[in-house]
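Just so we're clear, the structure is a prediction, and the values are computed from it rather than from any experiment. Note: hydrogens, waters and symmetry copies are ignored here, and every other heavy atom, side chains too, is used. Lettering follows sequence order; numbering is per chain, from 1.
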Amino acid sequence: MDIDGTKFGISKIKGYELASSEAFKRAKIEKRSPMEISQEIVGTLKEHPWVEEAVAINGYVNVKLSPKFYLEYKPELKENGTVAIEYVSVNPNKPWHIGHLRNALTGESLKRIYQAFQYDVVALDYIDDLGLQVAQSYWYWKNYGIKEHERFDWAVGLAYVEAAKLFEEHEKEVREILKEMEEKGISRNFVEKVLWDQLKTAKAYGIFHHMRVFESDIARDLFNKTIELLKEKGFLVYHEEGELKGTWTTRGNRVVIRSDGTATYLGKDIVFQLWKMGFVSGLRFEEREDPTGKVWYSNIKGIEKEINADKVINVIGIEQSLPQQEIAKVIKEIYPEKEYIHVAYQKVRLKDVSFSGRKGTWIGYSADELLEEGIKRIKSKELALSAIKFFILKYTPTKEVIFEWDKALSTEGDSGIYVMYAYVRAGSVLKKAEVNPLLKELNEGDREVAKWFLAWEFYLKKALRYNDPSAIAEYLLELAGAFNSYYGKVKLKNNETGLWVTEQVRKYLKQGMELLGMPIVEEM
RNA sequence: GGGCCCGUAGCUCAGCUUGGACAGAGCGGCGGCCUUCUAAGCCGAAGGUCGUGGGUUCAAAUCCCACCGGGCCCGCCA
């Protein structure tokens, strides 16, 4: 933050909130010593009503802020625009495993972060109902039947492991089924049945979308319309000869339409992304009630809806970076002013194995089992959710997560439970307060906590700018830690300023926890 | 061959995009603290060639170059 044109960060010196190293930078330009300049800055700051004390230490400027500052300062957190965030988009032939959960929690948290900046946010879920995975599952179901299970996503997921083993031998038949799916829509009911049960997991974890789009609804009219337009405007290239003879590709020579006239996955993806930006319209929706609540489902019979996003964010595995880059390039050509962002996340895996739907390595590590185990260990659904969500979101998305039960469900140290505990503790202090909270004077100890009130803006903007909820998790740990330490040293219940600090701590902890989708509890 | 991600304490990670104070947490291990607002907590000590080597700079974990280790991607599959 800036005071009188000098940039400040959080101070490392005890009892000071802000620090600046600008004297070093100016020293270079002005050819004077940092000491001299830092003294000068201190001189000008002393007049400022927000500054209670400013000191120069070895060329650095450290500042104590005045109570007036805390009562007046409001960070600027409003930005404009429409953002479409796509996340989860799990193949509808298996239950969610922990990797899918990472995607879901990241997307849901980003949704909330963008909403905090007052963007218009549309959360989208893409249902690949015409994929090969679904075809394999559907084919297996038709030929071998599927073992009963209380959840259809589980029944199909378990069968898919078997189906995958038979795939090579029966590929021809499966391809036949795939063709029928595309032409006659034979699998839509099957897919919706799986999706319905997958969404029970979404509900349990608090994942809420505004729209669900089925590939089969894009595949026909919208697809052709978009491709024709792209051809017309010269964004696609036709190859008369060579290896790519008869295909339409991007300018980067990635095939969009095969020589047999069918679409590649990349082609379909480009069409969907462009729809989000308003390049074409015509996708229809109807509102339906599903396990997560009311959601707009794509459907040929519904009403036309469009998003016209300025910014499109897709939470997709990092292994898809290359095709994602290609899509970004195409979009950049068409909409230089818009943003296309691939939020790339690494795998969640066990020590030696990564989760795979095909190999069945997810069994025992489904999102449902994780929550179940959490409730068993922590004895509370809310706390189990807090622990799990925090555990997953505290890692930067590009970092691989090695899954271990004890870590995922940890209740001590840098865990979601630690943060919750600080929040509940602050609430308890306020409840038992003997005086009213009132900001009077801030002493060294108060300032150690108050620093983090300023830092909120910094961490929140960082989370937005880098599309990384882990910045929020980090913030929560810092603030909770500062408060717990403060609590250990300072008697609060008859301390007016201390209670004011406690109130603020609660406020910021709550905001942060909400952005991560953690449930808020008042007692534990 | 081209590209992407990761490499920081015994283990798991922050910090790197915008270069600045002695590199921070948690877990594990060691020593303390529950008649006092909730001990799912707090305090203290221990633990580091920031993968390696160069370069830029008053200043490098951070920027640039080269290299090493681990993982991944480069189809008219989806």
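In this structure, B/C27 is classed as anti because its glycosidic torsion departs from zero by more than 90°.
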Requested in this report: For A/Glu162 and A/Lys165, run salt bridge (Lys or Arg N to Asp or Glu O under 4.0 Å): C-alpha distance rounded to whole Å, both residues' side-chain angles, the deciding distance at 0.1 Å, then the answer.
Outcome: CA-CA 5 Å; A/Glu162 299 307 310; A/Lys165 288 179 198 159; 3.4 Å; yes
Report task. Verify salt bridge (Lys or Arg N to Asp or Glu O under 4.0 Å) between A/Glu457 and A/Lys461, making sure each step is shown before the conclusion. Result -> CA-CA 6 Å; A/Glu457 180 188 359; A/Lys461 285 185 173 162; 2.8 Å; yes
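Remark: A/Arg425 is not positioned above the aromatic ring of A/Phe483, lacking an NZ or CZ atom under 6.0 angstrom from the ring centre and at most 45 degrees off the axis. For the pair A/Lys94 and A/Trp362, the cation does not sit on the ring face, since its NZ or CZ is not both under 6.0 Å from the ring centre and inside 45° of the axis.
For A/Arg425, no side-chain nitrogen or oxygen approaches OP1 or OP2 of B/C42 to under 4.0 Å. For B/C72, the OP1/OP2 oxygens have no side-chain nitrogen or oxygen of A/Ser321 closer than 4.0 Å. For the OP1/OP2 pair of B/A14 and a distance below 4.0 Å, the side-chain nitrogens and oxygens of A/Lys399 include at least one atom meeting the criterion. An OP1 or OP2 oxygen of B/G15 is reached within less than 4.0 angstrom by a side-chain nitrogen or oxygen of A/Lys462. For B/A39, one of the phosphate oxygens OP1 or OP2 lies less than 4.0 angstrom from a side-chain nitrogen or oxygen of A/Tyr487.
In terms of heavy-atom proximity, A/Ser354 sits nearest to A/Lys347 at CB-CD, 3.8 Å.
Comparing the P positions of B/A25 and B/G48 gives a spacing of 15 Å, expressed to the nearest Å. Rounded to a whole angstrom, the distance from the C1' atom of B/G44 to that of B/G29 is 15 Å. Nucleotides B/C77 and B/C16 are separated by 38 Å at their C1' atoms, to the nearest Å.
Here B/C77 presents its P atom at 13 Å from CZ of A/Arg254, a figure rounded to the nearest Å. Rounded to an integer number of Å, the gap from A/Asn484 CG to B/G26 P is 11 Å. Atoms CG (A/Leu476) and P (B/C13) sit 20 Å apart, rounded to a whole Å. One atom, OH of A/Tyr486, and another, P of B/C37, lie 17 Å apart when rounded to the nearest Å. Rounding to whole angstrom units, CE of residue A/Met35 and P of B/C58 are separated by 16 Å. Atom OH in A/Tyr395 sits roughly 13 Å away from atom P in B/C27 (whole-Å rounding). The distance between atom NZ of A/Lys394 and atom C1' of B/G15, rounded to the nearest whole Å, is 16 Å.
Pairing for B/A66 is with B/U52, a Watson-Crick or G-U wobble pair whose two hydrogen-bonding atom distances lie under 3.5 Å. Across all strands shown, B/G1 pairs with B/C74; the Watson-Crick or G-U wobble distances both stay below 3.5 Å.
Nucleic acid contact class of A/Thr411 (heavy atoms, under 4.0 Å, all strands): base. If you check every strand for non-hydrogen atoms under 4.0 Å, A/Leu492 touches a base.
Between the side chain of A/Ser428 and the base of B/C37 there is no donor-acceptor pair of N/O atoms closer than 3.5 Å.
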